[in-house]
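Values below: every heavy atom of this structure, side chains too, minus hydrogens, waters and symmetry copies.
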Amino acid sequence: MRTLAWHETLELHEIVATTTYYLYKLKTNIKNITDSGLKELYKTSITLFENNLRDLLKFMSNITIGERDAASDKLASEMSAEDLLSATKVLTKMYAHALTETATPDLSNLFIKQLVSVNNLHVQIFSYLSKQGQYSVFNINKLIENDAKKAMDVLKMPY
């Protein structure tokens, strides 16, 4: 397999990290679903996300992946921190989009204020993850290795 271009590697990182996060959420929440139709949608989603991750991980084949305990508190803590990071990313995009659709100055100013505050929170969460060694953005190999480890841990999780 050819080496990925830098921009491809970054897109791969974002998709693997996001898919891993949502797969983790699905697997941890399915036990709380009582509606049979919704439970089937969860199972279908889990299968799809697992297959997608397996396919994506093939592009990370040159990364050495160590073993970790899939049920560890460390994984739960990492996914919780990524939950916060993901929320700030989604909200940042929503505020930025809303600004382009807003004609009312007071609402626009409020969106700007809240966008800045959400972005500041994002910086705090990112800094925390970076200090913990969970988000190594300046070392692409480490970033992809962490993505692959978490994805494999979540793939092993029962549900």
Exercise. I140 and F59: same hydrophobic cluster, using ILVMFWY side-chain contacts below 4.5 Å?
Worked result: yes
Exercise. Residues two or more places apart in sequence or in another chain: which of them pass salt bridge (Lys or Arg N to Asp or Glu O under 4.0 Å) with E11?
Worked result: none
Exercise. With sequence neighbours excluded, what pairs up with K113 under the side-chain contact (heavy atoms from CB on, under 4.5 Å) test?
Worked result: none
Exercise. Honestly curious: do L129 and V90 fall in one hydrophobic cluster under the side-chain, below-4.5 Å linking rule?
Worked result: no
Problem set entry | Point-to-point distance, once rounded to the nearest 0.5 Å, from CD1 of I125 to CG of L84 | 4.5 Å
Problem set entry | Note, N146 side chain near K142 side chain (heavy atom, < 4.5 Å) | yes
Seminar exercise, completed: When rounded to the nearest 0.5 Å, the distance separating CG of D147 from CG of L12 is 7.5 Å
For this session: Indicate the atoms forming the closest heavy-atom contact of T20 with A151, along with that distance.
Result: OG1-CB, 3.3 Å
For this session: Examine distances only and state if a side-chain atom of S117 and a backbone atom of Q114 form a donor-acceptor pair shorter than 3.5 Å.
Result: yes
Exercise. Are any non-hydrogen side-chain atoms of D153 and Y24 less than 4.5 angstrom apart?
Worked result: no
Exercise. So M60 and M152, side-chain contact (heavy atoms from CB on, under 4.5 Å) or not? Walk me through it.
Worked result: CA-CA 12 Å; M60 297 177 168; M152 291 182 71; over 6 Å; no
Problem set entry | Nearest-0.5 Å distance that lies between atom OG1 in T47 and atom CG in L26 | 10.5 Å
For this session: Tell me whether Y95 is reachable from L85 by hopping between hydrophobic residues (I, L, V, M, F, W, Y) whose side-chain heavy atoms are closer than 4.5 Å.
Result: no
Exercise. With side chains defined as the heavy atoms from C-beta onward, is the minimum distance between H97 and T100 less than 4.5 Å?
Worked result: yes
Exercise. Under 3.5 Å, is there a donor-acceptor pair between the side chain of S130 and the main chain of F126?
Worked result: no
For this session: Taking all non-hydrogen atoms of both residues into account, name the closest pair between P105 and A103 and its distance.
Result: CD-O, 3.3 Å
Problem set entry | Test item: K27 side-chain N/O and L155 main-chain N/O as donor-acceptor pair under 3.5 Å | yes
Exercise. Does T28 reach the main-chain N or O of K25 with its side chain, forming a donor-acceptor pair under 3.5 Å?
Worked result: yes
Problem set entry | Transitive ILVMFWY side-chain link L107 to L99, under 4.5 Å | yes
Exercise. Are side-chain heavy atoms of N119 and T88 found at a separation under 4.5 Å?
Worked result: no
Seminar exercise, completed: Between the OH atom in Y42 and the CG atom in N32, the distance rounded to the nearest 0.5 Å is 8.5 Å
Exercise. Taking everything shown except K131 itself, do over 12 heavy atoms lie less than 6.0 Å from its NZ?
Worked result: no
Exercise. Do K43 and I46 have side chains that get closer than 4.5 Å, going by heavy atoms?
Worked result: no
Exercise. Hey, what do you get for OH (Y22) to OG (S86), rounding to the nearest 0.5 Å?
Worked result: 4.0 Å
Exercise. Out of curiosity, L10 CG to E8 CD, how far, rounded to the nearest 0.5 Å?
Worked result: 10.0 Å
Problem set entry | Shared hydrophobic cluster, I15 / Y21 (ILVMFWY, side-chain heavy atoms < 4.5 Å) | yes
Exercise. Who are the ring pair (Phe, Tyr, Trp, His ring centres under 6.0 Å) partners of H13, not counting sequence neighbours?
Worked result: Y135
For this session: Report yes if the side chains of K58 and R54 come closer than 4.5 Å at any heavy-atom pair, otherwise no.
Result: no
